[in-house]
Colleague: 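Below is the structure I would like to discuss, written out as structure tokens.
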Amino acid sequence: MLKIYNTLTRKKEIFKPKIEGVVGMYVCGMTVYDYCHIGHARVMVVFDTVGRYIRYSGYVLNYVRNITDIDDKIIQRANENGEGYSDLTQRFIDAMHEDERALSVLPPDIEPKATESIADIIAMISKLIINGLAYVGANGDVFYSVTKFKNYGQLSGKNLDDLQSGERVDIDHAKQNPMDFVLWKMAKANEPAWQSPWGLGRPGWHIECSAMSTCCLGNHFDIHGGGMDLQFPHHENEIAQSEGATGEKFVNIWMHNGFVRVNEEKMSKSLGNFFTVREVLKQYKPEIIRFFILSSHYRSPLNYSDEQLNDASAALTRLYTSLRDCHVENIIIDAEYKSRFEDAMDDDFNTPVALSVLFDLARELNKAKEVDTERTNCLSNTLIKLAALLGLLQDDPEKFLKSSVINDADFTDDLVEQQIQARLEAKQAKNWQLADEIRNVLKEQGVILEDAPNGLTSWRREKI
RNA sequence: GGCUGCGUAGCAAAAUGGUUAUGCAGUGGCCUGCAAAGCCAUCUACGGCGGUUCGAUUCCGCCCGCAGCCUCCA
């Protein structure tokens, strides 16, 4: 029985989709004016894992993740680069998809773009004006009137009085209330713009998600996710917009993932302390990044450091090592490990516990290897099948263990094999000194040798 | 200031009102020509002070420390 923590109620709730057997999930995706950083990777990996498990649990999932491809920063960046905004966004959309594939993130079912949803956005704004929740301000922009929406603040636990006393934004005199937010923004000269009943302009940031989510999944759907920082004001405003426009409840469960931190501080573009996915991929194999992300619970903070990535690397190596020389053809899955794994995932996607089940499995597998072929097949199959739900261990073990992110053209696999052969000959001649020297030379190149009892030598690459 | 949340062994990270988390690292052993890998054993814990309880790391209160949101941010 799947339980999910709902930010709206601040409790774990038994998951029950609106329509039996069918789940609609919307996740706020990227604003595409730069490369994805590890914080973005966390959103992608976390909700990919959520999606995989929901499907595994027997639901038909409709997973929507949007792309914000028009906003102030995009316009600004495109101007700085002297390129068209759509050229800019297309480049970073392509880059995002590359990063996503590297991290074994399955593509969402629908990936709507703001610029392709303008008609829906305009329709929703018109509805809000008709319903008396929105108005045209003194500067021509259309604003949402937050005081007209009775439950404003329900998601973030804020109330309007507190917000106003702590107000840090410059008063915009076009607004009736400082907390009002923009739905439609009038275009300045040479800005990308669309025709609307209020003139040439572009959508505000929050309205696109309301329009795209209800458009793809209906007025009322099951799960809406995103980073913690979107809780307020973005998701709060989405509720106000969608419920204000449709008159229906918007979302049943709100899921928010915690931040990636660097030195106990949030990783963010504005702080400039971010590492892009492609930078990190130069140092670590993609699956290590995925493992690292899943090694803490999705709502907890995740501290980014080399030490943590190296730990993830060692841990993943242990799992792959246990799968070495296992022939997975058996379709039987061990019921007890399966059930322990499911219990962990059912408990609000507790991936650290789910991973610990995999390690217990690996230990038993290591023990079974030399003694019980049938059990070995069963356990290795179980390990691979359960790990697949986390998007892990789907590579060939030898391939994973022998691979390296550092492309050393001089130190090929063939050369390693040759050296191993030379060492075997030295060993046969009981020339231990030469054998050890060859092993040390290889070690300096990051190649670790392991002599098996049957006289064969296996090897793997380790980060130097 | 308002509102969230967190504080677990050397590091990372979970669960739990009384019994082994797990991974890395350490120590001892088995294995090995020696290693590595693996296996077995083992040492390090629950921020502080009170309260509830037969019993609290786990529930409650206060304090201290940290992070986040309140402004664009995943």
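A, B, ... follow the sequence lines: proteins, then strands. Residue 1 opens every chain. Hydrogens, waters and symmetry mates are skipped; everything else that's a heavy atom, side chains included, is used.
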Colleague: Looking at CE of A:Met212 and CG of A:Asn66, how far apart are the two atoms once the value is rounded to the nearest 0.5 Å?
Modeller: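 Spacing of CE (A:Met212) from CG (A:Asn66) equals 4.0 Å.
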Colleague: Can the ring centroids of A:His256 and A:His235 be said to lie less than 6.0 angstrom from one another?
Modeller: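 Distance test on ring centres: under 6.0 Å, yes.
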Colleague: Take atom P in B:G5 and the same atom in B:U19, then report the distance between them in whole Å.
Modeller: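 Between the two P atoms, the distance is 28 Å.
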Colleague: Could you tell me whether the phosphate oxygens of B:A14, OP1 or OP2, come under 4.0 Å of any side-chain nitrogen or oxygen in A:Ser300?
Modeller: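 Checking B:A14 against A:Ser300, a side-chain N or O does come within under 4.0 Å of OP1 or OP2.
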Colleague: A:Glu13: which residues meet the side-chain hydrogen bond (donor to acceptor under 3.5 Å, both in side chains) condition with it, sequence neighbours left out?
Modeller: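 side-chain hydrogen bond (donor to acceptor under 3.5 Å, both in side chains) list for A:Glu13, sorted by chain: A:Asn6, A:Thr9.
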Colleague: If I take atom NE2 in residue A:His234 and atom P in nucleotide B:A74, what distance separates them, rounded to the nearest angstrom?
Modeller: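 Atom-to-atom, A:His234 to B:A74, this comes out as 10 Å.
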Colleague: For A:Tyr53, give me all partners under side-chain hydrogen bond (donor to acceptor under 3.5 Å, both in side chains), at least two apart in sequence or on another chain.
Modeller: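 Checked A:Tyr53 against side-chain hydrogen bond (donor to acceptor under 3.5 Å, both in side chains); matches are A:Asp346.
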Colleague: Listed by chain and number, what are the ring-ring contact (aromatic ring centres under 6.0 Å, His included) partners of A:His297, not counting sequence neighbours?
Modeller: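 Counting only residues at least two positions away or on another chain, A:His297 forms no ring-ring contact (aromatic ring centres under 6.0 Å, His included).
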Colleague: Determine the Euclidean distance between corresponding C1' atoms of B:C63 and B:G10; express it in Å to zero decimal places.
Modeller: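 Here B:G10 and B:C63 have their C1' atoms 28 Å from each other.
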Colleague: In whole angstroms, how far is the P atom of B:G68 from the CE atom of A:Met267?
Modeller: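 The distance from CE of A:Met267 to P of B:G68 comes to 13 Å, rounded to the nearest Å.
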Colleague: Would you indicate which nucleotide in B:G33, B:A21, B:A14 comes nearest to any side-chain atom of A:Asp451?
Modeller: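 Nearest listed nucleotide: B:G33.
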Colleague: Could you tell me whether A:Asp395 and A:Lys285 make a salt bridge, using a distance below 4.0 angstrom between a side-chain N and a carboxylate O?
Modeller: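 Salt bridge: no.
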Colleague: Between atom NZ in A:Lys427 and atom C1' in B:C34, what is the gap in whole Å?
Modeller: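 These atoms are roughly 10 Å apart.
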Colleague: May I ask you to say what A:Arg261 touches in the nucleic acid, namely base, sugar-phosphate or nothing, with a heavy-atom cut-off under 4.0 Å?
Modeller: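 Sugar-phosphate contact only - A:Arg261 comes under 4.0 Å of backbone atoms but never of a base.
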Colleague: Contact class for A:Ser268 (heavy atom, under 4.0 Å): base, sugar-phosphate, or nothing?
Modeller: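 The answer is base, as A:Ser268 lies within the cut-off (heavy atoms under 4.0 Å) of a base atom.
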Colleague: Any idea which of B:C66, B:C34, B:A14 is nearest the A:Pro352 side chain?
Modeller: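 Closest nucleotide to the A:Pro352 side chain: B:A14.
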Colleague: For B:G47 and B:A56, measure between their P atoms and round to the nearest Å.
Modeller: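 Taking atom P in both B:G47 and B:A56, they lie 15 Å apart.
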Colleague: Applying a 4.0 Å non-hydrogen cut-off, can you work out what A:Val260 is touching in the nucleic acid: base, sugar-phosphate, or nothing?
Modeller: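 A:Val260: base contact, heavy atoms under 4.0 Å.
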Colleague: Taking only residues two or more places apart in sequence or in another chain, which ones pass side chain to side chain contact (heavy atoms under 4.5 Å, CB included) with A:Arg340?
Modeller: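 Result, side chain to side chain contact (heavy atoms under 4.5 Å, CB included) vs A:Arg340: A:Tyr337, A:Val357, A:Asp360.
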Colleague: Counting only side-chain heavy atoms from C-beta out, which of B:G2, B:A13, B:C70 sits nearest to A:Pro233?
Modeller: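 Between B:G2, B:A13, B:C70, the one nearest the side chain of A:Pro233 would be B:C70.
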Colleague: So what does A:Thr321 hit on the nucleic acid, given a heavy-atom distance under 4.0 Å: a base, only sugar-phosphate, or nothing?
Modeller: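 Sugar-phosphate only.
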Colleague: Between C1' on B:U22 and CG on A:Leu319, what's the gap in Å once rounded to a whole number?
Modeller: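 So the two atoms are 11 Å apart, to the nearest Å.
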Colleague: Round to the nearest Å and state the distance from A:Lys12 atom NZ to B:U16 atom P.
Modeller: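 It works out to 6 Å between those atoms.
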Colleague: Is A:Arg91 salt-bridged to A:Asp94, going by a charged N under 4.0 Å from an acidic O?
Modeller: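 Here A:Arg91 does not pair with A:Asp94 in a salt bridge, since their nearest N and O are not under 4.0 Å apart.
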Colleague: So, OP1 or OP2 of B:C39: does either fall under 4.0 Å of a side-chain N or O from A:Asn366?
Modeller: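 Looking at the OP1 and OP2 atoms of B:C39, one of them is under 4.0 Å from a side-chain N or O of A:Asn366.
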Colleague: At under 4.0 Å between heavy atoms, what does A:Lys158 touch on the DNA or RNA strands: base, sugar-phosphate, or nothing?
Modeller: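 Result for A:Lys158 = base.
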Colleague: Can you check the A:Glu370 CD to B:A37 P distance for me, whole Å?
Modeller: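 A:Glu370 atom CD is separated from B:A37 atom P by 17 Å.
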Colleague: How would you label the contact of A:Asn350 with the nucleic acid (heavy atoms, under 4.0 Å): base, sugar-phosphate, or nothing?
Modeller: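 Answer is sugar-phosphate: A:Asn350 comes under 4.0 Å of backbone atoms only.
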Colleague: Do A:Asp325 and A:Lys369 sit within salt-bridge range, that is, some charged N less than 4.0 Å from a carboxylate O?
Modeller: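 The answer is no: the pair does not qualify as a salt bridge.
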Colleague: Does the plane of the ring in A:His37 sit parallel, tilted or perpendicular to the ring in A:Phe274? Use 30° and 60° as the thresholds.
Modeller: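 The rings of A:His37 and A:Phe274 sit tilted, inter-plane angle from 30° to 60°.
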Colleague: Distance between the C1' atoms of B:A74 and B:A15, in whole angstroms?
Modeller: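 Result for the C1' pair: 28 Å, nearest Å.
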Colleague: Determine the interatomic distance between P on B:C59 and the same-named atom on B:C24; round to the nearest Å.
Modeller: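 These two P atoms come out 30 Å apart once rounded.
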Colleague: Distance check needed: B:C40 P versus A:Lys369 NZ, whole Å only.
Modeller: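 Going from NZ in A:Lys369 over to P in B:C40 covers 14 Å.
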Colleague: Scan A:Gly39 against the nucleic acid and name what it touches under 4.0 Å (heavy atoms): base, sugar-phosphate only, or nothing.
Modeller: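 Since a base atom lies under 4.0 Å of A:Gly39, the category is base.
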Colleague: Write out a two-atom table: protein N or O, nucleotide N or O from nucleotides 23-28 of chain B, distance below 3.5 Å.
Modeller:
unit_1: B:G23; atom_1: OP1; unit_2: A:Arg363; atom_2: NH2; d: 3.1
unit_1: B:G23; atom_1: N2; unit_2: A:Asp311; atom_2: OD2; d: 3.4

Colleague: Any side-chain heavy atom of A:Leu392 sitting closer than 4.5 Å to one from A:Glu287?
Modeller: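 A:Leu392 vs A:Glu287: side chains touch.
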Colleague: How far, in whole Å, is B:A21 from B:C46 if one measures between their P atoms?
Modeller: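 It works out to 13 Å between them.
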Colleague: Contact class for A:Ile448 (heavy atom, under 4.0 Å): base, sugar-phosphate, or nothing?
Modeller: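 It contacts sugar-phosphate atoms only.
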Colleague: Checking contacts here: which listed nucleotide (B:A35, B:A37, B:A74) is nearest the side-chain heavy atoms of A:Phe259?
Modeller: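 Within the option list, the nearest is B:A74.
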Colleague: In whole angstroms, how far is the P atom of B:A74 from the CD1 atom of A:Ile67?
Modeller: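 Rounded to the whole Å, the gap is 13 Å.
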Colleague: How does RNA chain B read in dot-bracket, base by base from 5' to 3', with Watson-Crick or G-U pairs under 3.5 Å and | used when the partner is on another strand?
Modeller: (((((((..(((.....[...))).(((((.......)))))....(((((..]....))))))))))))....
Colleague: How would you label the contact of A:Arg65 with the nucleic acid (heavy atoms, under 4.0 Å): base, sugar-phosphate, or nothing?
Modeller: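 The answer is nothing, as A:Arg65 stays clear of every strand by at least 4.0 Å.
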Colleague: Taking the same atom, P, in B:G48 and in B:U58, what whole-Å distance lies between them?
Modeller: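 After rounding to an integer number of Å, I get 10 Å for this pair.
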Colleague: Please work out if A:Gly29 contacts a base, only the sugar-phosphate, or nothing of the nucleic acid, heavy-atom cut-off 4.0 Å.
Modeller: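 Sugar-phosphate only.
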Colleague: Below 4.0 angstrom from OP1 or OP2 of B:C69, is there any side-chain N or O of A:Lys266?
Modeller: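 So the side-chain polar atoms of A:Lys266 do come within 4.0 Å of the phosphate oxygens OP1 or OP2 of B:C69, strictly under.
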Colleague: Distance check, C1' atoms only: B:G33 and B:A45, in whole angstrom units.
Modeller: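 Nearest-Å result for B:G33 against B:A45 at atom C1': 42 Å.
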Colleague: Using 0.5 Å steps for rounding, measure from the CG atom of A:Leu361 to the CG atom of A:Leu365.
Modeller: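 A:Leu361 atom CG to A:Leu365 atom CG measures 7.5 Å (nearest 0.5 Å).
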Colleague: What is the nucleic acid contact for A:Gln231, judged by heavy atoms within less than 4.0 Å: base, sugar-phosphate only, or nothing?
Modeller: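 Touches nothing.
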Colleague: When all nucleic acid strands are considered with a 4.0 Å heavy-atom cut-off, which category describes A:His37: base, sugar-phosphate, or nothing?
Modeller: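 Since a base atom lies under 4.0 Å of A:His37, the category is base.
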